[in-house]
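Structure first, then comments.
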4 protein chains.
Amino acid sequence: MRKKEGNKEKDILEAAVRIFAEQGYHNAKISHVADEARVATGSIYVYFKNKEDILLKIFEEIWRPLYLELKKISTNRKLTAIEKIEFLIDLVFDFFIENPARAIVFVNEQNHLLKNTEVQFTDYYEKFMSLGESIIKSGIRKGAFNKVDVVIFRYFILGGLRNLLNHWAENPNDFSLNKIRQNVKFLLKNGLLKK
Amino acid sequence: MRKKEGNKEKDILEAAVRIFAEQGYHNAKISHVADEARVATGSIYVYFKNKEDILLKIFEEIWRPLYLELKKISTNRKLTAIEKIEFLIDLVFDFFIENPARAIVFVNEQNHLLKNTEVQFTDYYEKFMSLGESIIKSGIRKGAFNKVDVVIFRYFILGGLRNLLNHWAENPNDFSLNKIRQNVKFLLKNGLLKK
Amino acid sequence: MRKKEGNKEKDILEAAVRIFAEQGYHNAKISHVADEARVATGSIYVYFKNKEDILLKIFEEIWRPLYLELKKISTNRKLTAIEKIEFLIDLVFDFFIENPARAIVFVNEQNHLLKNTEVQFTDYYEKFMSLGESIIKSGIRKGAFNKVDVVIFRYFILGGLRNLLNHWAENPNDFSLNKIRQNVKFLLKNGLLKK
Amino acid sequence: MRKKEGNKEKDILEAAVRIFAEQGYHNAKISHVADEARVATGSIYVYFKNKEDILLKIFEEIWRPLYLELKKISTNRKLTAIEKIEFLIDLVFDFFIENPARAIVFVNEQNHLLKNTEVQFTDYYEKFMSLGESIIKSGIRKGAFNKVDVVIFRYFILGGLRNLLNHWAENPNDFSLNKIRQNVKFLLKNGLLKK
DNA sequence: GATGAATGAGGCTTCATTCAT
DNA sequence: GATGAATGAAGCCTCATTCAT
C-alpha cells in the first residue's frame with residue numbers, strides 16, 4: 001500500500017495561507033496553491049472538499065489555538081482582569097507574529113466567510129469572543145474597568161487589532177510589532193486624553 | 001438642452017454598492033448590478049472601464065466627501081484637538097449611517113484594492129488619513145494628548161471603527177449607532193481603566 | 001441592440017443531435033457541439049441550462065410532435081384500430097427517417113434520462129404512450145385484436161421499433177426502412193406462425 | 001496450493017453489474033465499484049485493463065452462456081422451429097430473471113460498446129444472433145413460418161425483449177415475468193389480429 | 001497480489017467584456 | 001448612447017489510472 005508521503009494536508013494548508021495572503025482568496029488559483037505545496041492539483045481534493053473548505057480549515061487553525069490559549073488565561077485565578085486583557089493582546093500578537101501571512105488572510109477573508117450562511121464557520125471564533133467578553137464583564141463588575149458596552153468594545157478592539165496586524169504584515173518595516181503592542185495596551189488602558 | 005435621463009452613472013454606482021455589500025465584490029455579477037440599476041449590462045461599460053473601476057469610483061465617493069468635511073473641521077481654529085477628534089468620529093458615523101451598504105463595501109473591499117498595485121486608489125484616502133494624523137500630532141504637541149504613535153493610532157482607530165460599522169450595518173438592531181458612537185468616544189478619551 | 005443572429009437555439013439543438021448520435025451523450029463534449037453549431041462555447045449556456053438540458057430539449061422535440069400527430073390519428077373516427085396502429089408505425093418511421101441521428105439519440109439516451117429522477121422528462125412521452133395503449137384497448141374491446149396485455153405490448157413494440165431504428169440509422173444500407181415497415185406491420189398483425 | 005481467496009475478479013464483475021445497473025456505466029465510479037466489491041481501487045486494475053474492459057467482460061458473461069445454451073437448443077433434432085423459438089425466449093427470460101441488474105446493463109450499455117470500433121465486442125453475441133436467425137430460416141424453409149425478413153425479425157424481437165426486460169428489472173412489481181413471457185410468445189406466434 | 005494515496009489531463013461552466021444593431 | 005446577445009478565456013473540480021509500499 002502506498003503510504004502518505006509527509007503531511008500533504010499541512011503542506012497544502014500552509015501553501016494556501018501564503019497564496020491567499022499574497023493574492024487574496026478570490027484571485028488565488030487552486031492550481032497555484034498546489035504548485036506552492038508541491039502537490040498535484042487533484043491532491044488538494046483528497047484533503048479538502050473544495051476551495052472554500054481550505055479557507056474554512058485555515059480559520060479553524062487560527063481560532064482553535066487562540067481559543068484554547070485564551071481559555072488558559074481566563075481561568076487563571078492569579079490574574080487580574082487588566083492583566084488578562086494584556087495577555088489576550090499578547091496572545092493575538094504572538095500568534096500572528098510567527099506567521100504574518102496568516103494575519104493577512106485573517107483580516108481580509110473572515111468577513112466573507114462569516115457572511116456566507118451556507119458554511120459553518122468554526123465555533124472557536126465565537127467561543128474566543130465570548131471568553132474575551134466575559135473578561136471585560138468581570139473587570140467591570142469588580143470596579144476595575146469603566147462601564148463600557150462589552151459587545152461594542154469587543155468589535156472595536158478586534159477591528160483595531162486586525163487593521164494593525166494587516167498593515168504590519170503588509171509592511172513589516174514600518175513599525176515593530178512590539179511598539180504596536182505597547183501603544184495598543186496604553187491606549188486601551190488610558191485612552192487618548194492626558195490626565 | 002436634454003440632460004442625461006436619470007443619471008445612469010449614479011444609478012449604477014448606487015446599485016453596485018448594494019450588490020457588492022450583499023454578496024461581496026468578487027461574488028457579485030455585473031449583470032446583476034445592471035439589473036439592480038435597471039440598466040442593460042452593456043451600459044455599465046459606457047460609464048465604467050471595467051468592474052474594478054466601479055469599486056474604485058465607490059471609494060472615491062467615500063473618501064472625497066469625508067476628506068473635504070474633515071478639512072473643514074481640521075482648519076476650524078475654534079476647535080480643540082479632542083473636539084476635532086470627536087467631530088471626526090461623528091463625521092464617519094454620520095456618513096455611513098445614511099448608507100449602511102456603503103459601510104459594508106468600505107470594510108470588506110478596501111484592502112484588496114489597496115493591495116492591488118495596478119490600480120490607483122483614490123488620493124483622498126491618504127489625504128484624509130494625514131489630516132487625522134496631524135490633528136493627533138497637534139494635540140500631543142499642545143500637551144492635551146498622551147504621546148501615542150500617530151500612525152499606530154490611526155490604523156487602530158480606523159480598524160475599530162470599520163469593524164463596528166460593519167457589524168452595525170449587517171445587524172442594525174444589535175446596537176444603536178449612537179450608543180456605539182458614545183462608547184467609542186469614551187474609550188478613546190479615557191481608556192478602559194477606571195481612574 | 002444586438003439582435004439574435006439566426007436561430008442559435010435550433011442550431012445548437014441540431015448540432016447536439018448529430019454529435020450525441022455520433023459519440024454518445026456522455027462522450028460528447030460541449031465545445032464540440034458548439035463547434036458543430038458554429039457558435040461559441042458560452043453561447044450554449046445562453047440557451048440551455050447545462051449539458052443535460054440540451055438532451056432534455058431534444059427529447060421534448062421528439063415526443064411533442066409525435067404526440068401531437070398521434071393525437072390526430074387516434075381521434076380520427078374513420079380509422080379502425082388496426083389502421084391506427086399502422087399509422088402509428090408509419091408516424092414513427094416517417095419521423096425518424098428524416099433525421100436518422102435523432103433516432104440514434106432516441107434509442108441510446110432515453111433510458112438514462114428516464115432513470116435520472118432529478119430531471120423532469122417531457123410529459124409528451126407518457127401522453128404518447130397512453131394514446132398508444134388506448135388504441136390497443138379499443139381494438140380489443142371491439143373484438144378486432146387478441147387479448148394481449150397492453151402495457152406489455154407497448155413496451156415490446158416500442159423496444160422492437162427502437163432497435164430496428166437504431167440499426168437502420170447506424171447502417172442505412174443494410175435494409176430499407178420501407179421493408180422494415182412492411183415486415184413490422186406484418187409481424188404485428190399476423191405473428192410468425194403460418195395459418 | 002493456495003487458491004485466490006474469494007475470487008476477486010468475480011466479485012468485481014458482480015459489483016460492477018450492480019453499480020452499472022444503478023447509475024449507468026458512465027456515471028459509475030470505479031472507486032464505487034471497488035467499494036461495492038469490498039476491494040481496493042487499485043485491485044480493479046489487477047484484473048481488468050480499464051473501466052471499459054469490465055463492461056466488455058460483463059457482456060462476455062452474458063453472451064457466452066446464452067450462446068452455449070442456444071446451441072444446445074438449436075441442435076436438438078427433436079424440436080420444431082417454433083419450439084426452438086419458444087425455448088430461446090425462455091432462455092433469455094430465465095437468464096435475466098436470476099439477475100435483473102444484468103438485464104439493465106445489457107439493455108442500456110450494449111449499443112455504446114457496439115458502436116465503439118476500438119474495442120472487440122464478444123463474438124458470442126454475433127454467434128447467438130446467427131443461431132437465432134438460422135432457426136427462423138429453417139422454420140420458413142419448412143413452411144412453418146411466414147416469410148419474414150430474418151434480420152429484421154431478429155432486431156425487432158431482441159429490441160422488444162430488451163425493452164421489456166429493462167422495464168421489468170426497473171419495476172419488478174409492475175408485471176410478472178411469466179406473464180410477459182406468455183404474452184410475448186403469443187404475440188410472436190399469432191400477432192395482434194384475431195383470426 | 002493488494003492497497004489507496006497521488007496524480008493530472010480534461011471538461012463543464014461562469015461571467016467580464018465586446019459588439020452589431 | 002443604449003442594448004443584450006454573443007463571446008471565449010479561464011478555473012474549479014472529477015475521476016480513471018498509476019505507483020510506491
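Computed from heavy atoms alone, side chains included, the values below leave out hydrogens, waters and symmetry copies. In what follows, every chain begins at residue 1, and chains take the letters A, B, ... in the order their sequences are listed.
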Nearest whole angstrom, please: distance from the [atom2] of [N] to the [atom1] of [X].
{"X": "B/Glu9", "N": "F/dA2", "atom1": "CD", "atom2": "C1'", "answer": "15 Å"}
{"X": "A/Phe48", "N": "F/dC12", "atom1": "CZ", "atom2": "P", "answer": "15 Å"}
{"X": "D/Tyr47", "N": "F/dT17", "atom1": "OH", "atom2": "P", "answer": "18 Å"}
{"X": "D/Asp53", "N": "F/dA16", "atom1": "CG", "atom2": "P", "answer": "14 Å"}
{"X": "D/Tyr25", "N": "F/dC15", "atom1": "OH", "atom2": "P", "answer": "13 Å"}
{"X": "A/Asn27", "N": "F/dC12", "atom1": "CG", "atom2": "C1'", "answer": "15 Å"}
{"X": "C/His32", "N": "E/dC12", "atom1": "NE2", "atom2": "C1'", "answer": "16 Å"}
{"X": "A/His26", "N": "F/dC12", "atom1": "NE2", "atom2": "C1'", "answer": "13 Å"}

(message) Please confirm whether the shortest side-chain N or O distance from C/Tyr45 to OP1 or OP2 of E/dT14 is below 4.0 Å.
(response) no
(message) Whether C/Lys8 contacts F/dA5 is assessed here as follows: a side-chain N or O lying under 4.0 Å from the phosphate OP1 or OP2. Is that the case?
(response) no
(message) Under 3.5 Å for both donor-acceptor distances, Watson-Crick or wobble: does E/dG8 have a partner, and if so which one?
(response) F/dC15
(request) If E/dT21 has a Watson-Crick or G-U wobble mate with both distances under 3.5 Å, name it; if not, just say none. (result)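 Across all strands, the one nucleotide that pairs with E/dT21 is F/dA2.
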(request) Select from C/Ser43 and D/Ser31 the residue whose nearest nucleotide in DNA chain F is closer to the 5' end of that strand. (result)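 Of the two residues, C/Ser43 wins.
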(message) Which is more 5' along DNA chain F, the nucleotide nearest D/Ile30 or the one nearest C/Ala40? Just name the residue.
(response) C/Ala40
(request) Evaluate the ring planes of C/His26 and D/His26, with Trp represented by its six-membered ring, and classify them as parallel (under 30°), tilted (30 to 60°) or perpendicular (over 60°). (result)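 It falls in the parallel class, under 30°.
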(message) Would you call the rings of C/Phe59 and C/Phe121 parallel, tilted or perpendicular, taking 30° and 60° as the class edges?
(response) tilted
(request) Report the residue (A/Thr41 or B/Ala28) whose heavy-atom-nearest nucleotide on DNA chain E is the more 5′ of the two. (result) A/Thr41
(request) Using the closest heavy atom to pick a nucleotide of DNA chain E for each, name whichever of D/Ile44 or A/Gly42 lands nearer the 5' end. (result)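 Taking each residue's closest nucleotide, the earlier one in sequence belongs to D/Ile44.
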(request) Could you tell me whether C/Lys57 and C/Glu61 make a salt bridge, using a distance below 4.0 angstrom between a side-chain N and a carboxylate O? (result)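 Answer for the salt bridge query: no.
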(message) Salt bridge or not between D/Lys10 and D/Glu14? Use side-chain N to carboxylate O under 4.0 Å.
(response) yes
Among [options], the one nearest [X] by side-chain distance:
{"X": "C/Lys51", "options": "E/dT13, E/dG1, F/dT7", "answer": "E/dT13"}
{"X": "B/Lys29", "options": "E/dA16, E/dG11, E/dT3", "answer": "E/dA16"}
{"X": "D/Asn50", "options": "F/dT17, E/dG1, E/dA5", "answer": "F/dT17"}

(message) I need the D/Asn111 CG to C/Arg162 CZ distance, nearest 0.5 Å.
(response)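 It is 8.5 Å, given to the nearest 0.5 Å.
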